[in-house]
Amino acid sequence: MKVKLLARSGVTAALYALLTLALAPISYGLVQCRVSEAMCVLPWFSSAAVPGLFAGCLLANLIAGAPLYDVVFGSLATLLAALLTRWMRRCGLSRYLAPLPSVMLNAVIVGALLYYVYELPVGLPLAMLSVGAGQAVACYGLGIPLLLALERFGGKLFL
């Protein structure tokens, strides 16, 4: 069973990194919408998605040449969001809240990274708001339809 979990994590990581890098022009920067963040709902179905999302984010940031702080803290934001999404399922919270940790944590952490590490010429609140808006589009606009499609197939379509 551990081999199956490892394989599922690997597929999740590869798909996340591929989507992020393939859509790089909209995946990075102040105005970003990482389509791969739609996958933030996958921990709702499987714990294998937690390390997969973390590894995928880490790979995408490393390959893109992001500064070390972004690689570390951006990836940790994805890991924490995935863990919280998994926890929310166990607590019996509404599935429509599944993308919320990803939206909130990335808005705060990645927004702060853009402001402090990249020193973009905008205020911290605007950086956080910009990242949060892109996350909401990806996580709710694409993630909820993905979640509902996976539920229709009993969560077994991908994981």
Side-chain angles (χ1 to χ4, degrees), residues 2 5-6 8-21 23-24 26-118 120 124-144 146-147 150 155 158-159:
K2 290 184 186 233
L5 276 174
L6 185 60
R8 288 176 176 165
S9 290
V11 168
T12 302
L15 188 55
Y16 183 100
L18 177 69
L19 280 170
T20 302
L21 294 166
L23 300 170
I26 63 169
S27 297
Y28 299 96
L30 180 62
V31 179
Q32 62 177 265
C33 181
R34 276 195 183 185
V35 171
S36 54
E37 284 291 311
M39 297 172 62
C40 74
V41 300
L42 296 180
W44 192 259
F45 299 100
S46 172
S47 60
V50 174
L53 291 171
F54 171 68
C57 183
L58 187 73
L59 280 171
N61 288 341
L62 279 171
I63 292 169
L68 181 61
Y69 285 114
D70 193 357
V71 171
V72 172
F73 292 106
S75 302
L76 286 174
T78 298
L79 175 62
L80 184 55
L83 288 168
L84 285 171
T85 301
R86 189 73 186 149
W87 174 81
M88 290 168 65
R89 169 75 186 251
R90 289 185 188 138
C91 290
L93 297 174
S94 170
R95 65 182 178 241
Y96 295 105
L97 294 175
L100 190 60
S102 186
V103 172
M104 298 305 292
L105 288 169
N106 280 289
V108 172
I109 295 170
V110 175
L113 286 168
L114 290 173
Y115 180 74
Y116 291 111
V117 175
Y118 291 92
L120 295 179
L124 180 59
L126 182 59
M128 290 178 175
L129 185 62
S130 177
V131 173
Q135 281 292 116
V137 169
C139 297
Y140 277 96
L142 301 172
I144 289 295
L146 175 62
L147 183 141
L150 288 171
F158 183 69
L159 296 169

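Residue numbers run from 1 in the order of the sequence given.
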Just distance, no hydrogens or angles: give the donor-acceptor pairs under 3.5 Å from side chains in residues 62-70, sequence neighbours left out.
residue, atom, partner, partner atom, Å
Asp70, OD2, Tyr118, OH, 2.7

Quick check for you: to the nearest 0.5 Å, what is the distance between Trp44 atom CH2 and Leu93 atom CG? 6.5 Å
Just jot down the side-chain contact (heavy atoms from CB on, under 4.5 Å) partners of Ala17, sequence neighbours excluded, or say none. Leu59, Ala60
Where do Cys40 and Thr85 land on the side-chain contact (heavy atoms from CB on, under 4.5 Å) test, with the steps shown first? CA-CA 8 Å; Cys40 74; Thr85 301; 5.6 Å; no
Which atom names give the shortest non-hydrogen contact between Val41 and Pro99, and what distance separates them? CG1-CG, 4.0 Å
Could you state the interatomic distance from CG (Leu21) to OH (Tyr16), rounded to the nearest 0.5 Å? 10.0 Å
For Ala138, side-chain contact (heavy atoms from CB on, under 4.5 Å) partners two or more places apart: Cys33, Glu37
Return the minimal non-hydrogen interatomic distance between Leu147 and Ala98, and the atom names on each side. CD1-CB, 4.0 Å
Closest approach of Pro43 and Val50, non-hydrogen atoms and distance? CB-CG2, 4.0 Å
Restricting to side-chain hydrogen bond (donor to acceptor under 3.5 Å, both in side chains), what partner residues turn up for Thr20, sequence neighbours left out? Ser36
Would you please name every residue forming a side-chain contact (heavy atoms from CB on, under 4.5 Å) with Ser75, sequence neighbours left out? Phe54, Cys57, Leu58, Asn61
Would you check if the side chain of Ser130 reaches a backbone N or O of Leu126 as a donor-acceptor pair within less than 3.5 Å? no
Salt bridge (Lys or Arg N to Asp or Glu O under 4.0 Å) pairs, two or more places apart, involving residues 42-51: none
Please check this pair: side chain of Thr78 against backbone of Leu53, looking for a donor-acceptor N/O pair closer than 3.5 Å. no
Can a donor-acceptor pair be found, under 3.5 Å and without considering hydrogens, that links the side chain of Tyr96 to the backbone of Tyr140? no
The reported gap from CG in Leu18 to CG in Leu23 (rounded to nearest 0.5 angstrom) is 8.5 Å
Exercise answer: donor-acceptor pairs, residues 105-114 side-chain atoms, under 3.5 Å, sequence neighbours excluded:
residue, atom, partner, partner atom, Å
Asn106, ND2, Ser102, O, 2.9
Asn106, ND2, Ser102, OG, 3.3

Suppose we screen for side-chain contact (heavy atoms from CB on, under 4.5 Å). Which residues come up paired with Leu129, at least two apart in sequence or across chains? none
Other residues, nucleotides, ligands: >12 heavy atoms within 6.0 Å of Met88 CE: yes
What residue pairs, at least two apart or across chains, pass salt bridge (Lys or Arg N to Asp or Glu O under 4.0 Å) with a residue in residues 83-100? Arg95-Glu151
